[in-house]
Enquirer: 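I'd like to ask you about the structure that follows.
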Amino acid sequence: REKEVAEAVAEIIGSPCEVCLDPTLLTDASLWNPLLTRVETQKYVLMYEVRWNPQTKGLLRKKAEELAAEVGPHCKVIDLTPVNRPVEEFVSLFRNATYVVTTSFHGIVFSILFGTPFYALPLWGGYDLRYTELLESLGAKERLVSFDTPLKPTPMDFQQIKEKLTERRKSSFDFIDKYICDATER
């Protein structure tokens with residue numbers, strides 16, 4: 001899934017190694033839309049950190065609150081981190097958020113799938129290789145910010161992101177068709 005990992009594997013095996021999308025990105029929002037149930041009437045910034053870290057947790061909340069204040073006086077913060085929620089509520093929170101502030105690869109994935117503006121912050125003192133490479137490949141690296149970067153409600157060009165994602169999906173499906181589907185037919 002990551003270019004850097006593919007290069008390392010290629011060096012070990014002495015053969016090129018393809019980079020394919022994470023399976024969550026091989027579909028679009030249409031897979032998840034039938035599960036959408038929760039509709040918030042109030043604007044909110046969704047905060048999501050999958051690997052809880054007491055050092056970044058306070059910082060992530062601070063950044064989410066900062067962005068919510070910029071969105072408007074009635075914008076609240078919903079913290080998705082501490083509770084396991086049913087999948088319907090999980091995806092609905094991403095779909096209906098005004099913004100997402102996250103340290104999670106899948107937080108970024110669901111934001112992209114639903115066209116919800118987001119900011120990605122460092123995980124454990126550095127950027128997660130998966131989402132760094134993903135956002136670079138989709139032309140959205142500017143959404144990777146440090147904890148000292150002021151967050152402002154800025155629009156995102158999801159049309160460009162979706163076009164590049166469509167290209168990456170095609171490449172991934174071509175690989176699957178060639179090396180997996182063809183192999184099962186032998």
Side-chain angles (χ1 to χ4, degrees), residues 1-9 17-29 31-32 45-64 66-67 77-82 84-85 87 90-173 175:
R1 296 181 304 189
E2 296 83 35
K3 181 180 173 189
E4 189 173 301
V5 174
E7 290 169 355
V9 169
C17 189
E18 293 286 328
V19 177
C20 289
L21 281 173
D22 183 271
T24 55
L25 289 163
L26 292 177
T27 186
D28 58 21
L31 176 72
W32 304 101
V45 172
L46 181 63
M47 176 183 132
Y48 182 54
E49 182 173 30
V50 71
R51 296 183 204 156
W52 191 80
N53 177 342
Q55 293 173 322
T56 59
K57 180 66 172 196
L59 292 172
L60 193 65
R61 173 166 285 289
K62 180 181 172 189
K63 299 311 287 183
E66 173 186 306
L67 183 57
V77 173
I78 295 179
D79 186 351
L80 185 55
T81 305
N84 287 329
R85 300 185 190 232
V87 68
F90 180 88
V91 295
S92 294
L93 284 167
F94 279 96
R95 170 61 183 91
N96 297 312
T98 307
Y99 283 89
V100 172
V101 177
T102 188
T103 60
S104 161
F105 173 80
H106 289 102
I108 293 167
V109 167
F110 283 105
S111 297
I112 289 170
L113 292 178
F114 290 121
T116 304
F118 64 89
Y119 285 102
L121 290 109
L123 178 65
W124 297 88
Y127 290 105
D128 184 306
L129 177 63
R130 291 188 303 164
Y131 65 69
T132 301
E133 287 188 6
L134 173 66
L135 292 176
E136 284 176 359
S137 75
L138 299 179
K141 190 172 180 183
E142 77 281 356
R143 302 316 282 195
L144 297 169
V145 297
S146 66
F147 279 102
D148 57 350
T149 302
L151 300 187
K152 302 284 184 192
T154 56
M156 291 182 65
D157 181 1
F158 280 101
Q159 183 62 35
Q160 172 194 344
I161 291 170
K162 297 216 178 200
E163 287 171 7
K164 290 185 177 193
L165 184 55
T166 298
E167 292 170 16
R168 300 250 355 246
R169 278 186 187 127
K170 181 182 178 335
S171 174
S172 294
F173 281 123
F175 173 81

Enquirer: Let's go through F94 and W32 carefully: what are the C-alpha distance in whole Å and the side-chain angles of both, what is the deciding distance for ring pair (Phe, Tyr, Trp, His ring centres under 6.0 Å) to 0.1 Å, and is it a yes or a no?
Expert: CA-CA 11 Å; F94 279 96; W32 304 101; over 10 Å; no
Enquirer: Assess whether salt bridge (Lys or Arg N to Asp or Glu O under 4.0 Å) is satisfied between K164 and E167, documenting all intermediate values.
Expert: CA-CA 5 Å; K164 290 185 177 193; E167 292 170 16; over 6 Å; no
Enquirer: Less than 4.5 Å apart, any side-chain heavy atom of R85 and any of L93?
Expert: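 A side-chain contact under 4.5 Å exists here.
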Enquirer: Would you give the length of the straight line joining atom CG of D28 to atom OG1 of T166, rounded to the nearest 0.5 angstrom?
Expert: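 So the gap between those two atoms works out to 8.5 Å.
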Enquirer: Can you see which heavy atom on L138 is nearest to which on I112, and at what distance?
Expert: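 Residues L138 and I112, closest heavy atoms: CD1-CD1, 3.9 Å.
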Enquirer: With K141, which residues qualify under salt bridge (Lys or Arg N to Asp or Glu O under 4.0 Å), at least two apart?
Expert: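 Here the qualifying residues are E136.
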Enquirer: Y48 pairs by side chain to side chain contact (heavy atoms under 4.5 Å, CB included) with which of F90, F118, F110?
Expert: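 Exactly one candidate clears the test, F90.
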Enquirer: As an exercise, state the distance from OG of S137 to CG of L21, rounded to the nearest 0.5 Å.
Expert: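 It is 7.0 Å, given to the nearest 0.5 Å.
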Enquirer: Looking at K162 and L113, what are the two nearest heavy atoms and their distance?
Expert: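 Answer, listing the atom of K162 first, then L113: NZ-O, 3.2 Å.
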Enquirer: Any idea which heavy atoms bring T149 and E66 closest together, and the distance?
Expert: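 Minimum heavy-atom contact is O-OE2, 3.9 Å.
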Enquirer: Working to the nearest 0.5 angstrom, can you tell me the gap between E49 CD and L59 CG?
Expert: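 Result: 9.0 Å between the selected atoms.
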Enquirer: So, taking the atom named CG in L135 and the one named CD1 in I108, what distance separates them when rounded to the nearest 0.5 Å?
Expert: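 Output value for this atom pair is 5.0 Å.
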Enquirer: Do Y119 and T154 have side-chain atoms, one donor and one acceptor, less than 3.5 Å apart?
Expert: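 Side-chain D/A pair, Y119 to T154: present.
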Enquirer: When you measure from the side chain of Y131 to the backbone of L121, do you find a donor-acceptor pair of N or O atoms at a distance under 3.5 Å?
Expert: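 Yes; judged by distance alone, with no hydrogens or angles, the pair exists.
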Enquirer: Of all heavy-atom pairs between M156 and I161, which one has the smallest distance, and what is that distance?
Expert: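 Between these two residues, the closest heavy atoms are CE-CD1, 3.8 Å.
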Enquirer: Is the backbone N or O of M47 less than 3.5 Å from a side-chain atom of K63, with the two atoms forming a donor-acceptor pair by type?
Expert: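 Not a single qualifying donor-acceptor pair exists.
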Enquirer: Could you state the interatomic distance from OG1 (T102) to CZ (R143), rounded to the nearest 0.5 Å?
Expert: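 Between T102 OG1 and R143 CZ, I get 13.0 Å after rounding to 0.5 Å.
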Enquirer: Using a 4.5 Å cut-off on heavy atoms from C-beta on, say whether the side chain of R130 contacts that of H106.
Expert: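 SC-SC contact between H106 and R130 confirmed.
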Enquirer: Nearest 0.5 Å, what's the CG-OG1 distance between L67 and T98?
Expert: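 One finds 9.0 Å between CG of L67 and OG1 of T98.
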